[in-house]
Amino acid sequence: MILAAAERAQTAEQAAGAAATVPKDPAMAAVTANAETFVMMILLTLLAAITLAIIRQRNMFGVVILASIYSFLMASVMLALDAVDVAMTEASVGAGISTVVLLTTLYLTGSVEYPRPRSVAIPLFVSLVVGAALVWGTIGLPDFGIADAPIHKHVAPTYIEYSKKHEMPPNMVTAVLADFRGFDTLGETTVVFTAGIGVLLLLQGGWRTSGNSRRDDEDNELDIDGGEA
Amino acid sequence: MFYVATGAVLAALMLAVIRAIRGPTVFDRVLASNTIGTLAILLLASYGFLTDRPEFLDIGLTYGLLNLIGTFAVLKFFRHGDLAHDIAEDQEKSRWK
């Protein structure tokens with residue numbers, strides 16, 4: 001949980017760094033310094049604050065709620081970046097399914113995290129080094145949002161021309177996902193489907209042996225403010 | 001006008017996040033989480049009109065449903081300590097006691 005939170009903190013920091021990069025061209029600066037930048041800056045600041053709160057929080061129930069808040073804020077960031085499909089996925093998986101799954105886990109584990117037994121120096125060092133490497137990696141990237149970045153010149157023009165010529169779905173992202181990369185999407189769906197079946201089989205096996213007795217015997221009251229885990 | 005609306009929603013978002021972080025009890029956090037979900041929908045709407053592309057307004061419906069499901073799941077877990085809790089089963093048991 002802590003590691004994941006630290007990872008998220010790095011991602012948020014990195015995104016903040018990318019958004020705050022000042023373009024060299026003054027015309028570009030006029031374009032980017034608008035409402036979008038303002039909204040992004042506030043949302044990313046809130047994300048960083050939530051991440052720090054998740055790291056410091058010892059009550060797992062609070063962590064689940066804060067993670068759900070994080071997902072809603074992240075979905076807003078995706079939306080501000082025009083990635084509506086990603087925002088949709090983030091909101092449904094992050095805020096919807098993950099909350100339910102994490103709560104189901106809390107039922108099995110207990111809701112208070114023990115103080116960490118080991119020192120934090122080595123994990124802190126590793127995460128700082130990895131974060132610095134990631135920030136260093138962003139230096140080589142082209143400027144944020146420019147049109148002639150290499151990624152826009154490789155296959156994208158072909159996609160745009162082809163989808164116009166052959167009357168494909170009007171939304172270009174849908175055309176790419178469902179038409180150009182149809183087999184890729186089919187493969188992804190197969191993988192997710194297989195994983196789902198596997199998890200269902202595992203859960204069913206666990207319930208047959210011990211699950212039923214466990215659920216009836218133990219009293220399962222939620223422990224909010226400390227005590228037994 | 002949409003600038004003012006977006007700014008106001010962002011300010012409210014900040015206040016809700018502060019409550020979520022500081023909230024002494026779990027209920028404060030649940031309420032803040034629900035409020036942030038609602039504010040995300042409002043931000044979606046006002047931001048769409050701010051950038052002259054209100055096509056994504058429908059997504060707000062999905063957010064609203066998710067917000068409801070998330071809050072219900074959290075509150076049900078809080079009340080019963082178990083998401084698969086069946087109230088009808090409880091009543092059945094208490095009748096035979």
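Letters A, B, ... mirror the listed sequences (proteins, then strands); counts begin at 1.
Chosen from A91(A), A95(A), S98(A), the residue pairing most often with chain B at heavy-atom distances under 4.5 Å is A91(A). Heavy-atom pairs under 4.5 Å with chain A peak, among N67(B), L65(B), T71(B), T51(B), at N67(B). Of the listed residues (G37(B), G48(B), G7(B)), the greatest number of heavy-atom pairs within a distance under 4.5 Å of chain A belongs to G37(B). The candidate from I18(B), V9(B), I69(B), L44(B) with the greatest count of non-hydrogen atom pairs under 4.5 Å with chain A is L44(B). The choice from A80(A), A49(A), A87(A) that makes the most heavy-atom pairs within less than 4.5 Å of chain B is A80(A).
At a 4.5 Å heavy-atom cutoff, the contact between L50(B) and chain A is made by side-chain atoms alone. Neither the backbone nor the side chain of N34(B) comes within less than 4.5 Å of any heavy atom of chain A. For a residue to count as touching a neighbouring chain, one of its non-hydrogen atoms must lie under 4.5 Å from one of that chain's; by this rule I97(A) does not touch chain B. Within the 4.5 angstrom heavy-atom criterion, atoms from both the backbone and the side chain of S33(B) approach chain A. With a 4.5 angstrom heavy-atom cutoff, D82(A) touches chain B only via side-chain atoms. Heavy atoms of I50(A) lying under 4.5 Å from chain B belong to its backbone as well as its side chain. Within the 4.5 angstrom heavy-atom criterion, only side-chain atoms of Y47(B), from C-beta onward, approach chain A. Only the side chain of S68(A) comes within contact range of chain B, judged by heavy atoms closer than 4.5 Å.
Taking 4.5 Å as the limit, every side-chain heavy atom of F72(A) sits out of range of all side-chain heavy atoms of L43(B).
Rounding to the nearest 0.5 angstrom, the gap separating the CG atom in L103(A) from the NZ atom in K76(B) is 12.0 Å. Note that CG of L10(B) is 11.5 Å distant from CE of M41(A), once rounded to the nearest 0.5 Å. Note: E36(A) CD to T6(B) OG1 = 12.0 Å, rounded to the nearest 0.5 Å. The OG atom of S92(A) sits 9.0 Å away from atom OH of Y63(B), with the distance rounded to the nearest 0.5 Å.
Heavy-atom minimum distance, R29(B) versus I65(A): O-CG2, 3.5 Å. Summarising the geometry of I69(A) relative to A20(B), their closest heavy-atom pair is CD1-CB, 3.5 Å, with the distance given to 0.1 Å. Residues V100(A) and A73(B) approach most closely at CG2-CB, 3.8 Å, considering heavy atoms.
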Decide yes or no on side chain to side chain contact (heavy atoms under 4.5 Å, CB included) for L13(B) and I42(A), but give the supporting numbers first.
CA-CA 9 Å; L13(B) 204 59; I42(A) 290 189; 5.9 Å; no

Working note: L52(A) + I21(B), criterion side chain to side chain contact (heavy atoms under 4.5 Å, CB included); need CA distance, chi angles, decisive distance, verdict.
CA-CA 9 Å; L52(A) 288 177; I21(B) 292 173; over 6 Å; no

